[in-house]
Each structure stands twice: as structure tokens, then as C-alpha cells.
2 protein chains.
Amino acid sequence: MAAPNDHSGEELTARQQAVLDAVLALMVEHGGDLTMTAVARRASCSKESLYKWFGDRDGLLAATVQYQASRVRAGNYDRTKLDASALRDSLVRFAANWLSVISSPTSIALNRFAIAQAGTRGSNLGAIMLANGRFAIGERLKPVLDAGREAGLIGFDDTETAFRTFIGLVGRDVQIRLLLGDALRLPAAEIERDAARATDQFLDLYGTGLSVLGRNPTNA
Amino acid sequence: MAAPNDHSGEELTARQQAVLDAVLALMVEHGGDLTMTAVARRASCSKESLYKWFGDRDGLLAATVQYQASRVRAGNYDRTKLDASALRDSLVRFAANWLSVISSPTSIALNRFAIAQAGTRGSNLGAIMLANGRFAIGERLKPVLDAGREAGLIGFDDTETAFRTFIGLVGRDVQIRLLLGDALRLPAAEIERDAARATDQFLDLYGTGLSVLGRNPTNA
DNA sequence: GAAAATCCGTACCGTACGTTACGGTTCCGT
DNA sequence: ACGGAACCGTAACGTACGGTACGGATTTTC
């Protein structure tokens, strides 16, 4: 009753998706100074329609964040034939995918918006980003880690702690540097290298004798 | 010539420092909606003085960031008597100090401001935060790592890579979660535990036989 | 084919805020 | 003691922008 439209689980028309695409493009291009007039002009629609469809500016931003989050969901990682090589491959692919996501201009712009808004009123953009970003990937990777543990390839007590160590090794200082405007370049080749390095370090820390062959390959 | 006042390396009067303290307090309390009127009222000064001292709003923000950065500089870490125990102590103290800094309300509020501003015009708040935060601590810790390598306690080819691995193990997802508004609590006891865990993991990855005694203590 | 609904483009309104201006007061140097 | 500089508090100005209203065009519905 408070909000004119509750877009929690509703479908979006193609026209409305086009509007959200325009919002994302403007976020990437012009950063934080995103005005309703600019959105309407970019999307070739009237401001009246914006307010009818999304309620107010915050509703438009929330819809944009959820819209983008719904497209990031990559394929799940199968846990068939889980030997040491398959586990490592899953982790490497996961790390590379996550690195490419957090280093994409869209993700950077969206996180900047959510962080800026988390600083002002305690709205929900930050919570949405966390739920669809950090916590969603946790729920997707933890089954892989648990399967690796059940197969005796890796060992740990707390899956959450192991997961956090992994994303720490993968992400390091990349996200904060990009958010602060550092001109850090992450070409595909470097993403692959970082993903492999982080995975090897993780297996070095948590692997049992079954999964890790040589010691200290990270020094190379 | 362009800016009314260039506060690059100038001294600040006590009155001006009180103003910046007021800015920091307002940032922590009320987040991003920081108005010049609120600053003047909080600091019990006139807006005219604010503009005379800091030029404009951006100048005030930049001065605040630099002012806070100049106070974070903790004591350097001595490299005397560098045995395995001293190296580990230095790393643990460093990690604990950095965790307490990045989880402090002031740091969170300041980083939110810098990130929000990095999203809009490409001003220098983000660069200042990076120079005084991420890169400053790198230059402080790298000598410790190099000394550890020279003593044969740890081994790596690239100091920068080793350092980035270390801060990844220490920080993990803490900073991004706090910036996005996650109600993550980091009491002193947990900071100490995390610092010790990260250091042990780092030594496990990069330590030679001289520094790490038992294998896989991180599983406990 | 007309009535109704939807939508675009634009103009408009109210407010918030950055910035400037000004009267009154305090403090310092001579 | 006197003049001036610095400063505080407040008022005023201009603009930007969120939100609303309206005329005209287009699409949908019966």
C-alpha cells in the first residue's frame, strides 16, 4: 500500500527492461549523477512512465540492481566425477568467473551506487547487492567445497571459513581498488592466471594429500 | 591559482582541525547527506569561513580525507632480531591493526564518500584514499616481507604479489561487506583471531622450513 | 470505427543545497 | 583607545532535480 508497485517478484515487460538497460548504461557512463530526466531521455520514455512503473527514484534503482543480479547467475558447477582435477577445475572456473564479474564496469558502477546509498539512508540496495553477490556465490560454491571434503580431497571444519579464505585469495584488493577508481586492468589472461594461483594457494592450505601434489608451487 | 587554497602540504590551525573533526563525525552519523550548513552548525562556525578555508565543498572533503589519513599512520615495524617468532608477531600485529582500521566507522564512512565520488566526477578522493590506505600500508609492510625473505624465513619472487596475498587472507570479504552495510561485527578478540589465522595461512603458503613448524594448522 | 487506455514530450512546481553577501561581535596590533 | 581583520549567525540567490500535470499521438479494445 505504501509503494505504488512492488517489484519483488514481478515480471518486467520488454519496455521496462529496456529502461533498466538504459539505467545501467548511464550508471557506467556518467556514474553517480543519474537523474530521472537523463534516464527518460536515454530510454526514450516519459518521466511519467518511469514513476508509474517504478514508483520513485529508489524503486527504479532497486529494480535495476535486481534486474542486473538476475542476469549474473551463471551455470552451476556439477559435482560429478569429483577427483582432484575436477575439483581444481571447478574452483578455477569459479574464481575466474567471479573476477570477471567484479571487474566489469557494470558491477563497479552498481556497487558504487549501493555503497553510496548504504552511506545515506539505510535503504536496501546494499542488502540486495550482498544477497545477490557475496552470499549468492557463497551458496553456490559451498556445495563444491563440501563435496570436495566428502571426497577426502580437502579438509576443514567450517565451510564458511574456508569459503571466505578462498574469495580472499581470489579477490585480494581488486574490488576496493576498482571501486576507488584505480586504473587496474584485468585482461582475460591475467584473470585466468589469478584464478589458477588463488586455487592452488587454497588447495595448498586446505588440501589433503590426495589433492595437492607439490608443495609451495605459489613461489614460482 | 585555480583553487583559492592549496592544502597539499599546508598546516591546519586548531580551529580548522576542529572543523574537519566535525565533518568526520557527521559523516559517521548521517552518512552521505553532508551539507555545508550542517558542517557549519556542528563546528560552530560560519559557512563563510568554510569557503574561505577550504575553497568549496570538494576542498573540504579532500582536506578531511587527508586529515584523517595523516592520523592513521601507526608506528613502523622494527626489523631487529628477525627470527621466525618476530616475523610472525610483526605480521599479526600488522594484520590486526589494519583490520581494526578498515572496520572502524570512520574508515567505512570515508571510503563510502570516496567511492561515491569516484563514481561521479573523476576527482581525487579515491586516489587520496588509495595512496594513503592501500598503497601506504603496502610500502610499510613490504620491508618486513623483504627482511623475512633475506633472513630465509619466507620465500617469494615478487614482493607485491606476496603482499597482495597477505592482505587478501587478512581482509577477505570484510571491507566490501561493511561498505555495503552488512552488520558484520568485529570485536577485538575476533580481530586478533583473524589476524593470527591469516598470518599462519600466509606463512603456510610462503614460509620456508625455518618459519613454519606444523603443517595445516588452519584446519583447526 | 470510436472509445479508452497507454505513452511520449514538455512544461511546471517545490524543495534542497551550494554559494555568496551582510550586519554584528570579538580579538589583535599599534 | 582605536582601526581593522577575522569570524559567527543568518538571510538571500541561483540552480538542479525529484516529482506532477497536461496536451497530443499511438495503440488497444469492444
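In this text the structure is predicted, and so the values were computed from the model without any measurement. Letters A, B, ... mirror the listed sequences (proteins, then strands); counts begin at 1.
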From [X] [atom1] over to [Y] [atom2], what is the distance, rounded to the nearest 0.5 angstrom?
| X | Y | atom1 | atom2 | answer |
| --- | --- | --- | --- | --- |
| A:D173 | B:Q175 | CG | CD | 9.5 Å |
| B:R193 | B:L186 | CZ | CG | 10.0 Å |
| B:I102 | B:I176 | CD1 | CD1 | 11.0 Å |
| A:W53 | A:L12 | CH2 | CG | 10.5 Å |
| B:R42 | B:D21 | CZ | CG | 10.0 Å |

How about [X] and [Y]: does a side-chain donor come under 3.5 Å of a side-chain acceptor?
| X | Y | answer |
| --- | --- | --- |
| B:Y206 | A:Q201 | yes |
| A:D33 | B:T120 | no |
| A:S49 | A:S46 | yes |
| B:T161 | B:D157 | no |

ask   = Contacts to DNA chain C from residues 26-36 of chain B, heavy-atom cutoff under 4.0 Å, which residues?
value =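 Nucleic-acid contacts, sorted: B:L34, B:T35, B:M36.
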
message = Can you list, in residue-number order, the parts of residues 37-45 of chain A that come under 4.0 Å of DNA chain C, counting heavy atoms only?
response =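 Nucleic-acid contacts, sorted: A:S44, A:C45.
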
A:R134/B:D182 under salt bridge (Lys or Arg N to Asp or Glu O under 4.0 Å): CA gap, chis, key distance, verdict = CA-CA 11 Å; A:R134 158 66 177 80; B:D182 191 6; over 6 Å; no

From [atom1] of [X] over to [atom2] of [N], roughly how many Å is that when rounded to an integer?
| X | N | atom1 | atom2 | value |
| --- | --- | --- | --- | --- |
| A:K52 | D:dC22 | NZ | C1' | 14 Å |
| B:Y51 | D:dA12 | OH | C1' | 14 Å |
| A:L50 | D:dT20 | CG | C1' | 13 Å |
| A:D58 | D:dG19 | CG | P | 8 Å |
| A:L60 | D:dG18 | CG | C1' | 12 Å |

task = List the atom of B:L203, the atom of B:L91, and the distance in Å for their closest heavy-atom pair.
result =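 Smallest interatomic distance, heavy atoms only, reads CD2-CD1, 4.1 Å.
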
key: Shortest side-chain distance from B:K47, nucleotide among D:dT10, D:dG23, D:dG19   =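 Nearest to the side chain of B:K47 among the choices is D:dT10.
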
message = For chain B and DNA chain C, what are the first and last nucleotides along the strand, 5' to 3', with at least one atom under 4.0 angstrom from a heavy atom of the protein chain?
response =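 Listing 5' to 3', DNA chain C meets chain B from C:dC17 to C:dC22.
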
